[in-house]
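Here's the structure we're looking at; comments come further down.
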Amino acid sequence: MATCIYRTASGLVASRNDQYCFFNADWDLLFKGDGLRDALAALSIVDDEFARTAVENELLPPIGNQEVWASGVTYYSSRLARMEESQSAGGADFYARVYNAARPELFFKSIAQRVRGHGQTVRIREDSAWDVPEPELTLAISDKGQIIGYTIGNDMSSRSIEGENPLYLPQAKSYEGATGVGPGLCILNTPISKETGIRLSITRSDSVVFKGQTSLKEMKRELEELVAYLYRELDFSNGCYLMTGTGIVPGTDFTLQSGDEITIEIDNLGSLFQTVE
């Protein structure tokens, strides 16, 4: 049974079994130590209409002072897409190698202030001609390096910039409005199942222009493996988020446009809806 925690303008809200109540806690303290799951298990939720309304109308990105990092080329489909887009630049071999290497690709994605939440807008770069959302299971990791929960991530990416040269990856991945996270932080009683499905839908002028789906069983790497590499030489006093890579990549004939509506669904975590500016 999942318990989800939401940040709202009126305070933190905890939800379980479609019941909502305000949750008196400091967001950053949720990422301290390893007692969050036990604390929530003991929480009695008495449905509060004001708390439900706050989630519906006052939702904020589920982040305090956490950094957001990301993993790349963790699905075979992502490996193929990266190789295709970078082939003319001579970078295809890099992606083939990292897919099979012991060390994963990890990169910094965003500070908290640049994160956009559910119902908010994301952006495509003005100097990019080929842009896509990347739906990703996103791990909430404590200061001790333990996975404490999960949320939905939208790793907005400029494929034209990254494809031009792999060294342009930071510009392709990190810019204003490039990071979507939400709607809340979900704490499950057991580790997330490899059968968990991920779905992406993009709507333009009331018509669906792209749909795709995958599942965590298509991931090459274990979630704990990615966390272990991230925490090898980094300390996160407030914990962090880690996007775990995408298994859904629109083809070369698709690019996002202003006004597009992006919906990412992950089993047991809900859906993240965002509009392109």
Side-chain angles (χ1 to χ4, degrees), residues 5-7 27-28 30-31 59-75 78 82 104-128 130-141 147 149-162 168-186 198 200-202 223 226-227 230 234 236 238-250 255-258 260-266 269-277:
I5 305 173
Y6 302 94
R7 283 185 69 238
W27 183 270
D28 289 342
L30 303 179
F31 288 76
L59 200 60
L60 301 173
I63 194 166
N65 287 300
Q66 292 71 49
E67 297 177 4
V68 182
W69 285 67
S71 316
V73 201
T74 57
Y75 291 78
S78 178
R82 300 287 90 83
E105 179 192 11
L106 296 170
F107 57 91
F108 177 76
K109 178 67 179 177
S110 180
I111 59 174
Q113 291 88 333
R114 294 196 179 107
V115 172
R116 308 286 179 88
H118 178 78
Q120 297 182 328
T121 60
V122 288
R123 295 183 60 253
I124 50 180
R125 290 184 61 119
E126 293 183 1
D127 58 355
S128 175
W130 184 15
D131 304 273
V132 296
E134 295 187 3
E136 307 191 15
L137 172 70
T138 301
L139 310 178
I141 311 169
I147 299 172
Y150 310 90
T151 189
I152 302 172
N154 178 9
D155 177 16
M156 293 285 288
S157 301
S158 166
R159 295 190 67 183
S160 57
I161 292 176
E162 183 178 2
Y168 295 158
L169 176 69
Q171 297 175 73
K173 294 286 192 175
S174 299
Y175 57 90
E176 292 294 337
T179 307
V181 175
L185 169 60
C186 291
I198 302 174
L200 168 66
S201 176
I202 304 172
L223 301 179
L226 297 173
V227 173
L230 178 61
L234 285 171
F236 297 95
N238 293 303
C240 74
Y241 280 112
L242 176 61
M243 295 182 172
T244 58
T246 187
I248 307 173
V249 184
T255 187
L256 285 170
Q257 297 179 12
S258 177
D260 285 356
E261 297 177 336
I262 302 166
T263 302
I264 301 171
E265 297 176 310
I266 299 183
L269 305 185
S271 64
L272 173 64
F273 174 82
Q274 297 179 312
T275 303
V276 180
E277 289 185 13

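- Atom OG of residue S78 and atom CD1 of residue I248 lie 11.5 Å apart, to the nearest 0.5 angstrom.
- Here the side chain of Q66 pairs a donor or acceptor atom with the backbone of N238 at under 3.5 angstrom.
- Residues V276 and Q257 form no side-chain contact, since every pair of their non-hydrogen atoms from C-beta on lies 4.5 Å or further apart.
- Counting heavy atoms from C-beta outward, L30 and I5 have side chains that approach closer than 4.5 Å.
- Taking the side chain as every heavy atom from C-beta outward, I161 and D127 approach each other to under 4.5 Å.
- Side-chain contact between T74 and E136: absent, with no pair of heavy atoms (C-beta onward) separated by less than 4.5 Å.
- Atom CD1 of I124 and atom OH of Y175 lie 7.5 Å apart (nearest 0.5 Å).
- In this structure, the side chains of I262 and M156 come closer than 4.5 Å at one or more pairs of heavy atoms.
- Between S110 and R114 the shortest heavy-atom distance is OG-CB, 3.3 Å.
- Counting heavy atoms from C-beta outward, P183 and I152 have side chains that approach closer than 4.5 Å.
- For the ring-ring contact (aromatic ring centres under 6.0 Å, His included) test, residues two or more places apart in sequence or in another chain that qualify with F108 are W69.
- Formation of a donor-acceptor pair under 3.5 Å by the R123 side chain with backbone atoms of E176 is found in this model.
- In plain terms, the two heavy atoms of P62 and L185 that are nearest each other are CB-N, 4.2 Å.
- A donor-acceptor pair under 3.5 Å is absent between the side-chain atoms of T246 and the main chain of E134, judged by distance alone.
- Contact between I198 and P135 at its shortest, heavy atoms only, is CG2-CB, 4.1 Å.
- Here CZ of R125 is found 9.0 Å from OG of S160. Values are rounded to the nearest 0.5 Å.
- Annotation: salt bridge (charged side-chain N to carboxylate O under 4.0 Å, His left out) contacts involving residues 239-250, sequence neighbours excluded, are absent.
- Here the closest heavy-atom approach between residue I264 and residue G153 is recorded as CD1-O, 3.7 Å.
- Taking CG of D131 as the reference point, atom CZ of R159 lies at 10.5 Å (rounded to 0.5 Å).
- The ring-ring contact (aromatic ring centres under 6.0 Å, His included) test applied to Y150 returns no partner, not counting sequence neighbours.
- Considering only residues two or more places apart in sequence or on other chains, D155 meets the salt bridge (charged side-chain N to carboxylate O under 4.0 Å, His left out) condition with K109, K173.
- Rounding to the nearest 0.5 angstrom, the gap separating the SG atom in C240 from the CG atom in L230 is 5.0 Å.
- Under the salt bridge (charged side-chain N to carboxylate O under 4.0 Å, His left out) criterion, E67 pairs with no residue, sequence neighbours left out.
- Listed here is the closest heavy atom pair of S271 and T263: CB-CG2, 4.4 Å.
- Contact of the Y241 side chain with the T151 side chain is registered, since non-hydrogen atoms from C-beta on lie closer than 4.5 Å.
- Atom CG of L242 sits about 6.5 Å away from atom CG of L106, to the nearest 0.5 Å.
- Under the salt bridge (charged side-chain N to carboxylate O under 4.0 Å, His left out) criterion, R116 pairs with E277, not counting sequence neighbours.
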Any chance you could lay out the side chain to side chain contact (heavy atoms under 4.5 Å, CB included) test for T179 and M243, step after step, and finish with the verdict? CA-CA 10 Å; T179 307; M243 295 182 172; 3.8 Å; yes
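- Between the R7 side chain and the I63 main chain, a donor and an acceptor come within less than 3.5 Å of each other.
- Residues L269 and L137 form a side-chain contact, since some pair of their non-hydrogen atoms from C-beta on lies under 4.5 Å apart.
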